[in-house]
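Whatever order the structure lists them in is the order used to number ligands and atoms, beginning at 1.
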Amino acid sequence: MRLEPAAARRTNLGLLALVPAAMATGAAAYAIGTRWATWAVVAHGAVGIGVVALVPWKSAVAGPALRRRRAGYASSLGLAALVVVGLVTGFLHVTGVRRLGFGLTSMQVHVGASLLALPLFVLHAVARPVPVRRADPGRRDLLGAAALGAGALLGWGAVEGVLRLGGLPGARRRFTGSHERGSGQPSAMPVTQWLDDDVPALDADTWRLAVTTADGDRRLRYADVAVGDDRRVATIDCTGGWYAEQTWEGVPLAALLGPTAGARSVLVRSATGYSRRFPVADIPHLLLATRVAGEPLSPGHGFPARLVAPGRRGFWWVKWVTAVELSDRPWWWQSPFPLT
Ligand code: HEM
Ligand code: HEM
Ligand SMILES: Nc1nc2c(c(=O)[nH]1)N[C@H]1C(S)=C(S)[C@@H](COP(=O)(O)O)O[C@H]1N2
Ligand SMILES: [Mo]
């Protein structure tokens, strides 16, 4: 099939809109831990299916172009390969294939391939520019965009329908898209690090928790912290694509920190150097847990103490905590996603 130039242009423009929209909605689905995530997840699914819908048209553009071997065609093929890997792993995750082997989850490969595709996408769109005529989109451009939008939403609904009718595990994913793993049974819950942290072997006798407030510094021992018996049922939801509900037990951060007047954020640091900064308004919801399901934390899950941050995604739940400090920096003074 050979496309008329206007249809080829519409196809490329469609991808020019959809791929950045996929990146943005994917990132939002990652950043949001509350019910609002639903919107990002549904929009992301629909946008992703919109990309799939354009595959036949884009193939018709790319086929003849490939035979011309224009400069940069190899990088375009690399882009196509990464997008295909991203699409396949997106659907694998959704249908419930969580692990791919080599210690990788479908979701990790999905995000990894998509992020690698981003620079190639920018290069490609710059090297093969398509003029965007703002003034007068033609009737067929508008019809095409409307058909693509409707098809994408219908396609998303169809995927969800198939998951439910087929009784597939994907029908039971949380509003973030995550699958349940090890609720009420922490030993069955995955041990997950954001990037490259190793599980440290910390000794309860030598471990200290540094607490910094307006009144100065205190250093607490394990026994001082382990007396905390506040219980919270809360769901940890990893961006790697799993979640678990557990009963966590420990000391409320509010009790450790006392009055917060004058402070704007609290920094929670790990023995590994990993840290997250929270707005002071979060403090009433935060718990420094020493136990889960009635047992001390395992080393993998954060022994001696880890943060429980209900309503926030897993990467906020700092493990192996060694310091909590009130500070006058705003909480957003940090990378939106951890860098280690
Ligand atoms: C998922 C995103 C995309 C993929 C996987 C993709 C892939 C490809 C491939 C494999 C080719 C053929 C090899 C080549 O000539 O480089 C190609 C050609 C082309 N692409 Fe893309 N592309 C994507 C998005 C875009 C976008 C956003 C634009 C422009 C806004 C665009 C414009 C073009 C143009 C103009 C050609 C050359 C057509 C010709 O020479 O006849 N592509 N694309
Ligand atoms: C080129 C970029 C991307 C494309 C084309 C894409 C496409 C897709 C597709 C087709 C699905 C399956 C949707 C469904 O059937 O409901 C999916 C799922 C998902 N993607 Fe992406 N994606 C991209 C980038 C990203 C990025 C950058 C992130 C995160 C930072 C991300 C996070 C997710 C999540 C969390 C799901 C699961 C959603 C659910 O369970 O419904 N994606 N993606
Ligand atoms: N110090 C430290 N804490 C961390 C991480 C990390 O890499 N280092 N990963 C976070 C991420 S991404 C998640 S999902 C949870 C996982 O907790 P779990 O291993 O107890 O399941 O820990 C969080 N706390
Ligand atoms: Mo995570």
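Each of the following atoms of ligand 2 lies closer than 4.0 Å to a heavy atom of V159: 15 (O). Ligand-side atoms of ligand 2 in range of G177: 39 (C), 40 (O), range being under 4.0 angstrom from any heavy atom.
Aromatic rings of W331 and F278 (six-membered ring for Trp) have centroids beyond the 6.0 Å cut-off, not under it. If you look at W317 and W248, their ring centroids are closer than 6.0 Å. Between Y222 and F303, a ring centre-to-centre spacing shorter than 6.0 Å is recorded.
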Pairs of donor and acceptor atoms involving the side chains of residues 145-166, under 3.5 Å and at least two apart or interchain, shall be tabulated with distances.
unit_1	atom_1	unit_2	atom_2	d
E160	OE1	R164	NH1	3.0
E160	OE2	R173	NH1	3.4
E160	OE2	R173	NH2	2.9
R164	NH1	E160	O	3.3

Under 3.5 Å, which donor-acceptor pairs do the side chains of residues 293-301 form with other protein atoms, sequence neighbours left out?
unit_1	atom_1	unit_2	atom_2	d
S298	OG	H301	N	3.3
H301	NE2	P186	O	3.0
H301	NE2	M189	O	3.3

N/O to N/O under 3.5 Å, ligand 3 against protein:
unit_1	atom_1	unit_2	atom_2	d
ligand 3	1 (N)	D197	OD2	3.3
ligand 3	1 (N)	S270	OG	3.0
ligand 3	1 (N)	T272	OG1	3.4
ligand 3	1 (N)	K319	O	3.4
ligand 3	3 (N)	K319	N	3.0
ligand 3	7 (O)	W194	N	2.8
ligand 3	8 (N)	D197	OD2	2.7
ligand 3	9 (N)	W194	N	3.4
ligand 3	17 (O)	R306	NH2	2.9
ligand 3	19 (O)	T192	N	2.8
ligand 3	19 (O)	T192	O	3.4
ligand 3	19 (O)	K319	NZ	2.5
ligand 3	20 (O)	H301	ND1	2.7
ligand 3	20 (O)	R306	NH1	2.9
ligand 3	20 (O)	R306	NH2	3.4
ligand 3	21 (O)	P190	O	2.8
ligand 3	22 (O)	R306	NH2	3.3
ligand 3	24 (N)	W317	O	3.0

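For T25 and W39, the side-chain atoms include no donor-acceptor pair closer than 3.5 Å. Looking only at atom types and distance, the side chain of R269 has no donor-acceptor partner in the side chain of T322 under 3.5 Å away. Side-chain atoms of H93 and S106 form no donor-acceptor pair, as typed in the model, at a separation below 3.5 Å.
Around atom CZ of R218, more than 12 heavy atoms belonging to other residues, nucleotides or ligands sit under 6.0 Å away.
Counting heavy atoms closer than 4.0 Å to ligand 2, residue W156 contributes side-chain atoms (C-beta onward) but none from N, CA, C or O.
Of the protein's heavy atoms, F91 CE2, 3.4 Å lies nearest to atom 15 (O) of ligand 2. Distance from atom 38 (C) of ligand 2 to its nearest protein heavy atom, with residue and atom name: V41 CG1, 3.8 Å. Looking from atom 36 (C) of ligand 2 to the surrounding protein, the closest heavy atom is M107 CE, 3.4 Å. Nearest to atom 1 (C) of ligand 2 among the protein's heavy atoms is M23 CE, 3.7 Å. The nearest protein atom to atom 5 (C) of ligand 2, hydrogens excluded, is given as L87 CD2, 3.8 Å; this is a heavy-atom distance. The single protein non-hydrogen atom nearest to atom 14 (C) of ligand 2 is V94 CG2, 3.7 Å, given as residue, atom name and distance. With respect to atom 13 (C) of ligand 2, the closest heavy atom belonging to the protein is G45 CA, 3.6 Å. The shortest contact between atom 39 (C) of ligand 2 and any protein heavy atom is with R173 NH2, 3.3 Å.
Residues R181 and E245 are not paired through a salt bridge, judged by the lack of any N-O separation under 4.0 Å between the basic side chain and the carboxylate. Using a 4.0 Å cut-off between a side-chain N of Lys or Arg and a carboxylate O of Asp or Glu, R139 and D141 do not qualify as a salt bridge. A salt bridge does not link D237 to R312: none of the charged nitrogens lies less than 4.0 Å from a carboxylate oxygen. Taking a cutoff of 4.0 Å between a charged side-chain nitrogen and a carboxylate oxygen, D328 and R264 do not qualify as a salt bridge.
Listed for the R208 side chain is a donor-acceptor partner under 3.5 Å among the backbone atoms of D205.
Excluding waters, the protein N/O/S atoms found under 2.8 Å from atom 21 (Fe) of ligand 2 are H44 NE2, H110 NE2.
Using a 4.5 Å cut-off on side-chain heavy atoms (C-beta onward), L87 and V83 make contact.
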